[in-house]
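Here's the structure, in structure tokens; my notes come after.
Proteins come first, then strands; the chains are lettered A, B, ... in the order of their sequence lines, and each starts at number 1. These values consider heavy atoms only, across backbone and side chains, with no hydrogens, waters or symmetry-generated copies. These figures come from a predicted structure and were not determined experimentally.
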Number of protein chains: 2
Amino acid sequence: MIRVLLVEDDRDLAAGVLDYLELENMVTDHAANGIAGLNLIRSQRYDVIVLDLNLPKLDGLKVCEHARGEGHDTPILMLTARDTLEDKVVGFAQGADDYLVKPFAIEELVMRIRALANRRSGQVTRRAVGDLELDIRNREVTRLGQAVRVSPTTFRLFERLSRACPEAVSREDLMFAIWGEDQPDSNSLKVHVHHLRRQLAEAGSSVKVETVTGLGFRLNPDGEAE
Amino acid sequence: MIRVLLVEDDRDLAAGVLDYLELENMVTDHAANGIAGLNLIRSQRYDVIVLDLNLPKLDGLKVCEHARGEGHDTPILMLTARDTLEDKVVGFAQGADDYLVKPFAIEELVMRIRALANRRSGQVTRRAVGDLELDIRNREVTRLGQAVRVSPTTFRLFERLSRACPEAVSREDLMFAIWGEDQPDSNSLKVHVHHLRRQLAEAGSSVKVETVTGLGFRLNPDGEAE
DNA sequence: CCCGGCGTTAAGACAGGGTTAAACCGCTCA
DNA sequence: TGAGCGGTTTAACCCTGTCTTAACGCCGGG
């Protein structure tokens, strides 16, 4: 569940966005001016804050600045009608994590909110994929409460794939996720993918590792044909 | 992982930037003149292109113009010593996505590169043509939810055609889109067009590949006579 | 009637991916 | 200290689907 705070003074726009976000199973709060927004930021816990730049009482940049200054590290997405580069730069400098220029497609906003929430959820230690659950902190994978044995390398591979799921991840990205800078020069990745597949199959999981020819691999949570 | 192409003739500046970008885990290529840059754009895949305006052989604007003309939609960040409004306007008109005036802080460049790369990755990677949908990220084509099997090369061909649809694309452009620099010397393109046609027909799609004699090919979404 | 452009087909070369086993490495524990 | 062990890397091999090549068929225009 994603908690979103929207700070936006245009009531109509705000109402539309809130409706849509709630349809997407997000929990939303709303503030119509900067001061109210800042108070909510201080008192509640959010996964993402969507902040209009032009706000009554205290503008978006100031809100951003204050929030960061007070130690809040919740991802902030700036919303603005202005499109000048200066604003962008100032926005980023003030600690915004993303930017969206009005008018925007609501789907894009949702997508970016999800992206920001996920980025942060690197700190969240559990994630579900199909019938599997992976505990990132403890490097464990479980299915129906049963532990699935995976080696460290295989775990890193699975973690990266699950993060992108159901999108595909390129070989290069996978290599980087597993080994970082200096990577083995042979077909180690193939072997680990093979191990992962075998381990998932042995655990009886519905999750399948699919190959996208010429690109890389993808996790299919239900193992259904595409 | 972000792939960056830097086209810049000042060797010192380029070296500094490249070092820094690599420290930031970006994968970089470098070209010291416009022609070389354009060739790399044609043959490689980048997430962001950083383009100096003043370049030997072919200036930045021309490179930008050619790249866009050939259907590349990679975000381009223009780098320039000039700061006149006209330059910005011309740059944006030519298809640049962002602008940075020399001298600049390297951190700012990094910030903007990230912003451009994210904007793109947040961007929808699906495209519709007639009754087909193609998912560029996952390299797959679907019709009514059913996957249409296409080989990597056929996909590249289809992707390029769909990008121009309903305009025609010349043989040359198609060859570049599929093979980049070194292209096969025989009638491979004909064969792949044939494959594509057969696969579309087998999938029952209304989309037809039409021949423009002496020029190249064109996608007709509805298969109606012209 | 020949030529050039395009479409079609089949065969062989090739590459990408899958699989396996053995070597290797660091660790623990007798 | 050296045997055992789990994990990782390497290298070789196979298989399958894809790409390229080359040859041929078709058609319209000069």
For this session: Search all heavy atoms of B/Ser162 against all heavy atoms of B/Val129 and return the closest pair with its distance.
Result: CB-CG2, 3.5 Å
For this session: With heavy atoms under 4.0 Å as the rule, sort B/Arg149 into base, sugar-phosphate or nothing.
Result: sugar-phosphate
Exercise. Does D/dT8 have OP1 or OP2 sitting under 4.0 Å from an N or O in the side chain of A/Trp179?
Worked result: no
For this session: Among the candidates C/dT8, D/dT8, D/dT21, find the nucleotide nearest to the side-chain atoms of B/Lys190.
Result: C/dT8
Exercise. Do B/Leu174 and B/Val193 have side-chain heavy atoms sitting under 4.5 Å apart?
Worked result: no
Exercise. Any idea which of D/dC19, D/dT21, D/dT9 is nearest the A/Pro184 side chain?
Worked result: D/dT9
For this session: Go through C/dG18, D/dC19, C/dG7 for me and flag the one nearest to the A/Arg197 side chain.
Result: C/dG18
Exercise. For the side chain of A/Thr213, counting heavy atoms from C-beta on, which of C/dG18, C/dG16, C/dT8 is nearest?
Worked result: C/dG16
Problem set entry | Nearest-neighbour nucleotide for the A/His194 side chain, D/dG7, C/dT20, D/dA22 considered | C/dT20
Seminar exercise, completed: Here the pair of heavy atoms bringing B/Ala168 nearest to B/Val212 is CB-CG2, 3.8 Å
For this session: Counting heavy atoms from C-beta on, name the nucleotide in C/dT8, D/dG6, D/dC19 closest to the side chain of B/Asn187.
Result: C/dT8
For this session: May I ask you to say what A/Phe217 touches in the nucleic acid, namely base, sugar-phosphate or nothing, with a heavy-atom cut-off under 4.0 Å?
Result: sugar-phosphate
Problem set entry | For atom CD of B/Glu210 and atom P of C/dG7, their distance in whole Å | 12 Å
Problem set entry | Spacing of B/Leu189 atom CG relative to C/dT8 atom C1', expressed in whole Å | 15 Å
For this session: Tell me which nucleotide among D/dT21, C/dG18, C/dG7 gets nearest to the side chain of A/Thr211.
Result: C/dG18
Exercise. Atom CZ of B/Arg198 to atom C1' of C/dA10: distance rounded to whole Å?
Worked result: 11 Å
Exercise. So does A/Asp47 pair up with A/Arg45, basic N to acidic O under 4.0 Å?
Worked result: yes
For this session: Nearest-nucleotide wise, let me know which of B/Ser151 and A/Ser188 is further upstream toward the 5' end of DNA chain D.
Result: A/Ser188
For this session: Give one of base, sugar-phosphate or nothing for A/Val191, where a contact means two heavy atoms less than 4.0 Å apart.
Result: base
Exercise. Does B/His192 have a side-chain nitrogen or oxygen under 4.0 Å from the phosphate oxygens OP1 or OP2 of D/dT20?
Worked result: yes
For this session: Would you mind reporting whether A/Gln44 and A/Thr74 have side-chain heavy atoms less than 4.5 Å apart?
Result: no
Problem set entry | Whole angstrom value for the distance that separates P of C/dT8 from CD of B/Glu202 | 13 Å
Exercise. What is the nucleic acid contact for A/Arg171, judged by heavy atoms within less than 4.0 Å: base, sugar-phosphate only, or nothing?
Worked result: sugar-phosphate
